[in-house]
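Working notes, beginning with the structure itself.
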Amino acid sequence: MSRLSSFVWSIADQLRGPYQQHEYGSVILPMTILRRLDAILEPHRKQIAELIAGVDSDMRKNSLVRQATGLRFHNTSKFTLSTLLADPDGLEANLTEYVNSFSSAIDVFDRFKFGEVISDLAEKNRLFIVVERFAKVNLHPDVMSNSDMGDLFEDLIRRFAEASNATAGDHFTPRDAVRLVVDLMFTEDNDALGEKGIVRTVYDPTAGTGGMLSLADEHLRAQNPDARLTLYGQEINPQSYAICKSDLLAKGQDPDNIKLGDTLAGDKFPGRTFDYCLSNPPYGVEWKAAEKTVKDEHKLGFAGRFGPGLPSVGDGQMLFLLHLASKMRPRGEGGGRVGVVMNGSPLFSGGAGSGQSEIRRWLLEKDMVEAIVALPNEMFYNTGISTYVWILDNNKAGARAGKVQLIDGSGRFTKMRKSLGSKRVEISDDDRAAILADYDKCVASETSKVFDNEDFGYWTITVERPLRLNFACTPERIEAARTDPKLRTVDRERLAGVLGAFGEELYRNRDGFMADLGKHLGSQGVTLSTPQRKALWTVLGERDETADEIRDLKGNIEPDPKLRDTENIPFGWNDTPKTAEADGASRAVIDAYFDAEVHPHVPDSWIDHTKTKVGYEIPFTRHFYTYTPPRPLEEIDADLNKVVAEIMNLLQKVEQ
């Protein structure tokens with residue numbers, strides 16, 4: 001395959017000069033698609049021509065062709081890519097006619113604006129040589145399987161992306177990562193998938209060039225040739241959509257099952273659910289373009305896709321996670337499974353009460369999260385960051401009910417002989433088998449941990465401390481009062497005069513200070529409203545741990561905002577019941593934690609229970625952390641002495 005990819009890539013050399021490197025893909029990719037479709041039609045051309053002769057309806061033609069050949073497209077032109085070369089002078093017009101003669105299902109060339117590409121190639125005297133070279137490429141299905149075509153497209157896109165400094169990973173996921181996701185997604189249903197005539201649907205809302213859908217199809221058909229798998233997808237990038245659609249057409253899939261558009265802004269399969277969903281949504285990409293639509297749908301609550309919460313606008317991964325959850329076949333109809341690749345952010349970003357935390361809370365409390373697998377770093381073409389596979393299931397097997405399995409696959413990799421962008425490692429068949437073995441066993445080990453859903457929950461409590469201030473009418477504090485905007489309606493100069501005559505006596509009790517201050521203000525005829533009085537004592541006060549507590553009119557201690565703190569209390573702290581419910585039992589756990597862990601260190605603190613929030617996070621790395629003791633000091637000293645001796649020796653040689 002690599003030799004074929006190199007040969008196809010070498011055709012780009014014919015474009016050198018009239019074309020810039022970033023323009024190569026607009027020629028090579030649609031020509032590769034055209035050659036593939038041309039090769040698929042080749043053995044059926046005579047039969048198709050006879051079938052559609054005299055038939056006017058495109059729909060009727062499609063039906064006849066599909067019944068006879070299994071193909072979902074046809075071409076009414078007399079030309080093939082090879083026969084076009086017999087008329088070099090008419091090549092531009094004939095190639096345009098050939099491309100336009102595909103059935104309406106083939107809209108992929110419009111996405112590449114291929115008519116303009118043909119004209120441009122002809123104008124730059126490159127059309128004949130490009131068509132001639134592609135006519136020699138054998139892309140017949142007997143020679144190039146659908147999986148091999150996916151690999152070819154992947155490699156071509158990567159090469160073009162590198163040549164133009166673009167981001168290849170936006171369009172596809174490495175095949176080794178996809179194979180792991182597909183295996184994990186199907187593994188719980190292996191017995192059922194072997195049944196004769198089994199029918200299943202697979203959906204990818206970020207389809208890219210269709211790699212995930214293709215490998216899902218390949219996996220199931222290898223396991224059960226009699227299985228009927230229908231593929232669905234949506235993709236925002238027009239060219240990736242074109243490649244994906246042509247790939248699925250070649251498989252005999254319904255072309256209407258691949259849609260173009262922004263999944264977050266508009267679900268092209270509303271109300272539709274699927275047996276399997278898989279995706280690799282973009283990492284750290286804003287969803288601002290879809291913000292209005294998403295927020296309007298969020299207001300619908302659980303009648304829409306985004307009822308549990310909204311993440312920050314800066315990262316839409318968790319919106320795709322919610323979207324996928326909404327597309328799972330309902331439990332009453334057999335349930336659905338999801339495999340999605342994301343970075344580490346969805347595991348822990350956002351504190352208690354945030355949109356991210358509420359999304360995790362909903363997924364865990366609904367018992368949808370089955371497993372999360374850490375992938376090796378340097379797995380992807382455009383990033384070396386940590387990535388994870390989430391497996392969701394709304395109809396878990398009995399032993400997994402109420403549980404989440406974390407699998408550390410970060411060490412399961414094989415070094416590549418040659419790096420591809422940021423991709424320096426791959427998951428080999430043996431590596432994948434080891435990860436799947438951990439998943440199948442679902443027991444605790446060095447690379448596998450099993451938790452209750454509630455193990456990831458916690459309460460965030462707000463700890464308050466009293467506001468303690470001393471008061472004095474020093475020149476600095478008087479100036480602060482004179483310029484305070486909250487006292488702008490008061491005669492400030494007169495107020496400053498009253499305060500200046502007050503003296504600099506230090507008060508550590510607010511009520512005593514305000515009583516004396518009131519006498520001074522009253523004697524000068526200065527009256528203040530309640531808000532103005534508060535503004536005045538606030539600006540005249542300074543924090544003082546030795547001062548008395550300040551209380552409101554009802555006698556309640558006022559908290560000091562600057563001393564306010566929060567504490568996270570895990571569900572099940574100190575072997576207490578694991579629950580998120582804000583009932584008496586939870587309150588008792590929170591109070592017990594406070595009495596044991598906080599109050600002994602801060603005796604004047606208390607909990608504001610009205611601010612208590614429930615949060616969920618999955619601290620994946622912490623659960624697999626292995627403590628490595630520091631080196632002995634003697635060993636470190638010996639190494640330092642050795643280095644110092646070497647430096648001194650070098651200095652002596654320099655002096656000589």
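For reference, positions follow the sequence shown, starting with 1.
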For the student: nearest non-hydrogen atoms of [X] and [Y], plus distance:
X      : Y      : answer
Gly233 : Ala207 : CA-CB, 4.3 Å
Asn453 : Leu364 : ND2-O, 3.3 Å
Leu487 : Ala535 : CD2-CB, 4.2 Å

For [Y], is there an ion pair with [X] - N to carboxylate O distance below 4.0 angstrom?
X      : Y      : result
Glu370 : Lys396 : no
Asp393 : Arg337 : yes
Glu549 : Arg468 : yes

Taking it one step at a time, do Asp183 and Arg179 satisfy salt bridge (charged side-chain N to carboxylate O under 4.0 Å, His left out)? CA-CA 6 Å; Asp183 283 358; Arg179 288 189 174 92; over 6 Å; no

Taking only residues two or more places apart in sequence, or in another chain, which ones meet Glu426 in a side-chain hydrogen bond (donor to acceptor under 3.5 Å, both in side chains)?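 Residues passing side-chain hydrogen bond (donor to acceptor under 3.5 Å, both in side chains) with Glu426: none at all.
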
With Tyr276, which residues qualify under side-chain hydrogen bond (donor to acceptor under 3.5 Å, both in side chains), at least two apart?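 Tyr276: side-chain hydrogen bond (donor to acceptor under 3.5 Å, both in side chains) contacts with Asp189.
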
Between His609 and Asp591, is any side-chain donor less than 3.5 angstrom from a side-chain acceptor?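 Short answer, yes.
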
Hydrogens and angles aside, do Asn395 and Arg331 bring a side-chain donor and acceptor to less than 3.5 Å of each other?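 Yes, side-chain donor-acceptor contact under 3.5 Å.
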
Rounded to the nearest 0.5 Å, what's the gap from [atom1] on [X] to [atom2] on [Y]? Could you check?
X      : Y      : atom1 : atom2 : result
Leu184 : Ile407 : CG    : CD1   : 6.5 Å
Met514 : Leu540 : CE    : CG    : 8.5 Å
Lys441 : Thr447 : NZ    : OG1   : 8.5 Å
Lys613 : Tyr458 : NZ    : OH    : 10.0 Å
Asp176 : Asp431 : CG    : CG    : 9.0 Å
Thr621 : Asp408 : OG1   : CG    : 8.5 Å

Within 45° of the axis and under 6.0 Å from the centre of the six-membered ring of Tyr439, does NZ or CZ of Arg400 qualify?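 Yes; both conditions hold, so Arg400 lies above the ring face of Tyr439.
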
I would like to know whether Lys403 and Asp452 meet salt bridge (charged side-chain N to carboxylate O under 4.0 Å, His left out); could you show each step before the answer? CA-CA 5 Å; Lys403 305 287 184 182; Asp452 294 331; 2.6 Å; yes

Do the side chains of Gln317 and Asn343 get nearer than 4.5 Å, heavy atoms only?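 In contact.
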
Considering only heavy atoms from C-beta outward, does the side chain of Arg305 approach that of Asp267 to under 4.5 Å?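 The answer is yes; the side chains approach within 4.5 Å.
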
Does Tyr232 have any ring pair (Phe, Tyr, Trp, His ring centres under 6.0 Å) partners at least two apart in sequence or in another chain, and if so, which?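 Ring pair (Phe, Tyr, Trp, His ring centres under 6.0 Å) list for Tyr232, sorted by chain: Phe269, Phe274.
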
Test Glu297 against Lys292 for salt bridge (charged side-chain N to carboxylate O under 4.0 Å, His left out), laying out the working first. CA-CA 9 Å; Glu297 191 166 349; Lys292 184 181 185 307; over 6 Å; no

What's the verdict on salt bridge (charged side-chain N to carboxylate O under 4.0 Å, His left out) for Arg551 and Glu558, showing C-alpha distance, side-chain angles and the deciding distance? CA-CA 5 Å; Arg551 296 177 180 266; Glu558 291 200 21; over 6 Å; no

Assess the residue pair Phe571 and Val614 against the criterion (side chain to side chain contact (heavy atoms under 4.5 Å, CB included)); give the C-alpha distance rounded to whole Å, side-chain angles, the decisive distance to 0.1 Å, and a yes or no. CA-CA 10 Å; Phe571 294 170; Val614 171; 3.8 Å; yes

